[in-house]
Amino acid sequence: MAAWSLAAILANVGSGPGFSTVRAEPPPLVVPSPASDGSKPSDEPKLSAEKILHSGIEGQGTVTAIKDASVTTATFRVSADEIKIDEATGLAEASGEVTLTQKALRVLARKAAYDSQKKTVSADMLRMGKPPLYIEGQTLSGSAANAEITNATLYFNEPDPYGLNIHSNGVAYDADTQDITLKGATFRLGPIPFFYLPTYTQERTDRPPVSVQTRFGFRNDLGAYGQTTTFWTKNPVVQPGLLLDYYSKRGPLVGPALKYDYLSNPDWMQSGTFESGYIHDTGGAEFDLLNNLVPTDRYFMDWKHKGTLDGMVDLTSTMYWWSDSNVLRDFRQNLWQDNQLPDNFVEAVHRDENSFISAFTRYRPNNFELIQQRLPEVRYDLMPTQLWQSGVYQEAQSSFVQLTEQSLAAAPTLHSNRFDAYYGLRYPITPTAWSTITPVLGGRVTNYQDTLNDQGQFTRFLGQVGFDAEMRSFGKWGYTNPTWEIDGLHHVLRPVLMYRYIPNAQQGQGKIPEIDSNDTFSPYPPVVDRNSTRSVDQLYTTNLIRYGVENIIQTRDATYGSRDLASFNIYNDLRLQRAPGTSMASDLWTALGIYPADWLHLDVFTRFDPGALTLREARTRVRVLDGEKWAVAFYTENLQHEIDQYWLEAMYKISERYQVRGRWRFDQRLGYVTEQTYALRTRLGNSWDIEYEISYYRGTTNQNGIGFNVRFDLLAF
């Protein structure tokens with residue numbers, strides 16, 4: 001890199017064409033404006049210094065620039081204590097704190113020279129960098145197209161006594177491909193070598209050749225342990241990796257890993273990650289979440305993929321193949337925190353102007369999961385589309401799916417081959433500018449090839465009629481508050497009213513395998529429109545009125561548009577006809593959010609039974625922060641007869657290098673704190689992010705007692 005940059009400047013410093021003026025005053029460092037005739041601006045070099053001397057015959061003598069000497073073009077600048085130009089030989093020499101600057105590249109050297117006849121460049125004791133690459137070398141020599149640096153050390157960050165680096169006897173740079181080739185590459189941690197390659201080529205300089213994460217610690221159930229995750233990131237598309245762990249009470253764990261990221265073609269982008277591990281567990285008997293004995297040979301394979309095919313098909317898939325429900329929780333808790341309930345599926349969606357065609361497969365590689373397998377489901381969805389210019393909107397969907405649900409107990413496996421289709425019409429009516437009434441009419445047909453106890457095929461026809469109504473009112477106030485960055489208030493009040501009548505929806509009970517049921521799909525509030533219902537196999541006659549109020553308060557955002565300050569939504573259903581065991585009035589659902597500033601967030605969700613005057617469910621989230629200085633978060637999770645837990649998390653940044661955090665969990669049903677975690681995060685040089693963590697668990701299945709972790713993350717290499 002230094003070769004072509006230095007050569008491009010010094011090549012024109014001499015008596016040849018392009019060097020026209022010797023000036024004692026420093027020139028302005030600006031890019032020349034285009035010429036009036038549209039031609040490209042001149043890039044001739046300008047020489048300046050406090051003193052410029054000329055000796056010898058003109059054209060055969062020497063030009064010497066002394067003190068604050070510099071050569072400047074539209075794109076480069078070279079400065080030195082002294083710049084000497086031999087007009088006869090075309091040799092240009094810069095000495096004494098030589099500095100070259102070109103955009104993001106900066107080169108420092110003790111002295112540098114360029115031979116305009118041989119088209120070669122040389123430099124001694126150089127340092128150069130283009131973030132994040134930094135190189136130190138003894139000498140540089142070569143041409144503008146190819147240059148070599150001897151006794152060089154490469155850093156992918158600033159030089160750091162604790163950082164990883166690559167030392168090489170010779171570094172060759174190819175200006176055409178911009179590849180860097182190292183002869184005798186020694187990978188080192190600070191001055192300590194740990195890996196060697198006879199030849200190593202770095203195709204790109206915008207990221208490091210390896211990514212490393214390590215964790216060391218102690219846990220009662222694992223003993224002392226060490227975990228490493230390493231990816232070889234040299235290739236910009238495919239990055240192989242390795243998981244390598246050791247647990248004193250369990251043995252070694254090893255497995256391949258892979259990252260891939262193909263983004264060069266926007267119509268065929270593909271990216272994903274794969275991580276895996278295998279261990280012959282010598283820790284003795286252990287039971288999983290289903291109270292089954294876990295196997296001795298334990299493994300996990302986690303794969304996530306996202307891609308686009310031909311710019312029209314979106315492809316998404318996940319695979320989490322585990323030997324038992326506890327394997328990730330035991331050995332890779334950082335992965336388990338993000339994925340506690342594995343979901344294995346493959347989906348391809350073709351996008352058209354106003355419709356989607358999709359193929360979806362959900363499968364069950366793990367025997368500890370109750371999964372509604374879809375092997376596969378092919379589906380067509382037509383988004384609301386206006387019929388001619390009538391103002392009536394049609395919507396439709398149809399699907400065929402093969403369903404399988406394998407029980408975890410002794411119950412028989414359920415099978416179902418099901419065809420399902422819906423067609424509906426909506427006609428929005430706006431009697432006033434602040435209200436809309438939308439009558440809804442639709443029909444659904446479902447055919448089951450498989451029925452319980454082999455009762456033959458069964459086809460169900462359902463119709464629905466109803467309406468959606470809403471009103472909108474607005475309020476505006478000129479209230480301002482600099483402290484809360486409030487610039488005016490805008491309140492939107494939206495009362496909503498829905499009605500649906502779906503008669504005889506329970507037909508087929510006793511024949512239909514109930515796989516897609518209310519136990520599988522239970523959003524809050526529940527879906528009432530038959531076009532959106534996913535619990536197709538467990539339906540009841542519906543004669544329902546839903547009413548609610550939605551509120552939102554906003555203010556102008558200083559950057560763009562508006563931002564939300566608060567929201568409050570409340571819904572309730574009146575079931576004029578209903579499923580057995582349910583009351584006329586449903587639970588009352590409320591959702592409250594308060595966001596007066598970026599540093600304060602409050603969310604509250606409740607589900608209240610008005611008949612029994614009982615709070616069935618409550619969840620709260622409160623988060624307060626002061627930029628990157630400190631943050632406090634408080635969470636509650638209350639589910640009647642099931643969960644009653646409270647979390648507190650806190651973080652405080654002591655300085656740029658030190659940060660502390662804590663986490664506490666209290667279980668009201670158990671009556672004590674089940675988790676305490678204390679951590680100190682720091683930096684080792686500029687290369688390592690280190691976190692020391694000590695935890696105490698109580699009331700868990702297999703992690704009770706004290707645990708200690710030390711995590712090392714390589715920030716840049």
Under the 3.5 angstrom rule, does the side chain of T533 hit a backbone N or O of D529 as a donor-acceptor pair? yes
So, does S390 use its side chain to make a donor-acceptor pair with the main chain of V392 at under 3.5 Å? yes
Measure from NZ or CZ of R379 to the centre of the six-membered ring of F356 and say whether it is under 6.0 Å with the direction within 45° of the ring axis. no
Using side-chain contact (heavy atoms from CB on, under 4.5 Å), reason through T636 and Q645 one step at a time and then give a plain yes or no. CA-CA 6 Å; T636 70; Q645 294 185 346; over 6 Å; no
Check whether any side-chain heavy atom of F461 lies under 4.5 Å from a side-chain heavy atom of R444, and answer yes or no. no
So does G488 get a backbone contact from the side chain of T555, meaning a donor-acceptor N/O pair under 3.5 Å? yes
Pair D302-W321, side-chain donor/acceptor within less than 3.5 Å: no
Is the ring centre of W599 less than 6.0 Å from the ring centre of W630? no
Answer yes when R621 and E637 have at least one side-chain N-carboxylate O distance shorter than 4.0 Å, and no when they do not. yes
Does the side chain of D420 pick up a donor-acceptor pair with the side chain of T446 at under 3.5 Å? yes
Looking just at side-chain N and O atoms, do Y479 and N481 make a donor-acceptor pair shorter than 3.5 Å? yes
Residue pair V440 / F467, side-chain heavy-atom distance below 4.5 Å: no
Before accepting this row, confirm whether a basic side-chain N of the pair R578/D573 lies closer than 4.0 Å to the acidic partner's carboxylate O. no
Any carboxylate oxygen within less than 4.0 angstrom of a Lys/Arg side-chain nitrogen, looking at E369 and R364? no
So how far is it from Y595 OH to I553 CD1, rounded to the nearest 0.5 Å? 12.0 Å
Separation between CD (E617) and CG (D609), nearest 0.5 Å, reads 13.0 Å
Just checking D267: does its CG atom have more than 12 heavy atoms from other residues, nucleotides or ligands closer to it than 6.0 angstrom? yes
Between R575 (side chain only) and S583 (backbone N and O only), is there a donor and an acceptor less than 3.5 Å apart? yes
Applying salt bridge (charged side-chain N to carboxylate O under 4.0 Å, His left out), can you list everything that pairs with D644, at least two apart in sequence or on another chain? none
Side chains of T451 and I512, heavy atoms from C-beta outward: is any pair under 4.5 Å? no
F605 CZ: over 12 foreign heavy atoms closer than 6.0 Å: yes
Taking R698 for its side chain and T674 for its backbone only, find out whether a donor-acceptor pair lies under 3.5 Å. no
E377 with R534: basic N within carboxylate O range, under 4.0 Å: yes
Which residues satisfy the ring pair (Phe, Tyr, Trp, His ring centres under 6.0 Å) test with H350, sequence neighbours excluded? none
Verify the neighbour count for atom CD of Q340: are there more than 12 heavy atoms of other residues, nucleotides or ligands below 6.0 Å? yes
What's the separation between atom CG in N447 and atom OG1 in T459, rounded to the nearest 0.5 Å? 4.0 Å
Between Q270 and G307 the two heavy atoms that sit nearest each other are OE1-CA, 3.4 Å
Do the side chains of R663 and E675 get close enough for a salt bridge, i.e. N-O under 4.0 angstrom? yes
Of all residues at least two apart in sequence or in a different chain, which pass the ring pair (Phe, Tyr, Trp, His ring centres under 6.0 Å) check with W268? none
Checking the side chain of D352 only, and the main-chain atoms of S355 only, is there a donor and an acceptor separated by less than 3.5 Å? no
Does atom OH of Y560 have more than 12 heavy-atom neighbours, drawn from other residues, nucleotides or ligands, at distances under 6.0 Å? no
Flag the pair R619 and D603 as a salt bridge only when some basic side-chain nitrogen lies within less than 4.0 angstrom of an acidic carboxylate oxygen. no
Are there over 12 heavy-atom neighbours, none belonging to Q507, within less than 6.0 Å of that residue's CD? yes
Classify the ring geometry of W303 against H305: parallel below 30°, tilted from 30° to 60°, perpendicular beyond 60°. tilted
Can you confirm whether the side chains of S517 and D537 place a donor and an acceptor under 3.5 Å from each other? no
Check: T542 side chain, Y540 main-chain N or O, donor-acceptor pair, under 3.5 Å: yes
Is the shortest distance from a Lys or Arg side-chain nitrogen in R329 or D324 to a carboxylate oxygen in the other one below 4.0 Å? no
Atom pair OG1/CD of T614 and Q640 - distance to nearest 0.5 Å: 5.5 Å
As a quick check of understanding, evaluate ring pair (Phe, Tyr, Trp, His ring centres under 6.0 Å) for Y547 and Y571, giving each step before the final call. CA-CA 6 Å; Y547 58 95; Y571 308 94; 9.7 Å; no
Tell me, yes or no, whether the heavy-atom count around K653 atom NZ, taken from other residues, nucleotides or ligands under 6.0 Å, exceeds 12. yes
Quick one: do R418 and D516 make a salt bridge, cutoff under 4.0 Å? yes
Could you tell me whether L341 atom CG has more than 12 heavy atoms of other residues or ligands within 6.0 Å of it? no
Checking the side chain of E642 only, and the main-chain atoms of L639 only, is there a donor and an acceptor separated by less than 3.5 Å? no
Do the ring planes of W647 and Y635 sit parallel (below 30°), tilted (30 to 60°) or perpendicular (above 60°)? perpendicular
Indicate yes or no for a side-chain donor-acceptor contact from N344 to the backbone of P365 under 3.5 Å, with no hydrogens or angles considered. no
Between the main-chain N or O of N504 and the side-chain N or O of T541, is there a donor-acceptor pair closer than 3.5 Å? yes
Side-chain donor-acceptor contact under 3.5 Å, Y423 with N531: no
Would you tell me whether Q554 and D564 have side-chain atoms, one donor and one acceptor, within less than 3.5 Å of each other? yes
Are side-chain N/O atoms of K306 and T316 paired as donor and acceptor at under 3.5 Å? yes
Just checking, is any N or O donor in the side chain of R472 or T436 under 3.5 Å from an acceptor N or O on the other one? yes
I need the R351 CZ to T308 OG1 distance, nearest 0.5 Å. 6.5 Å
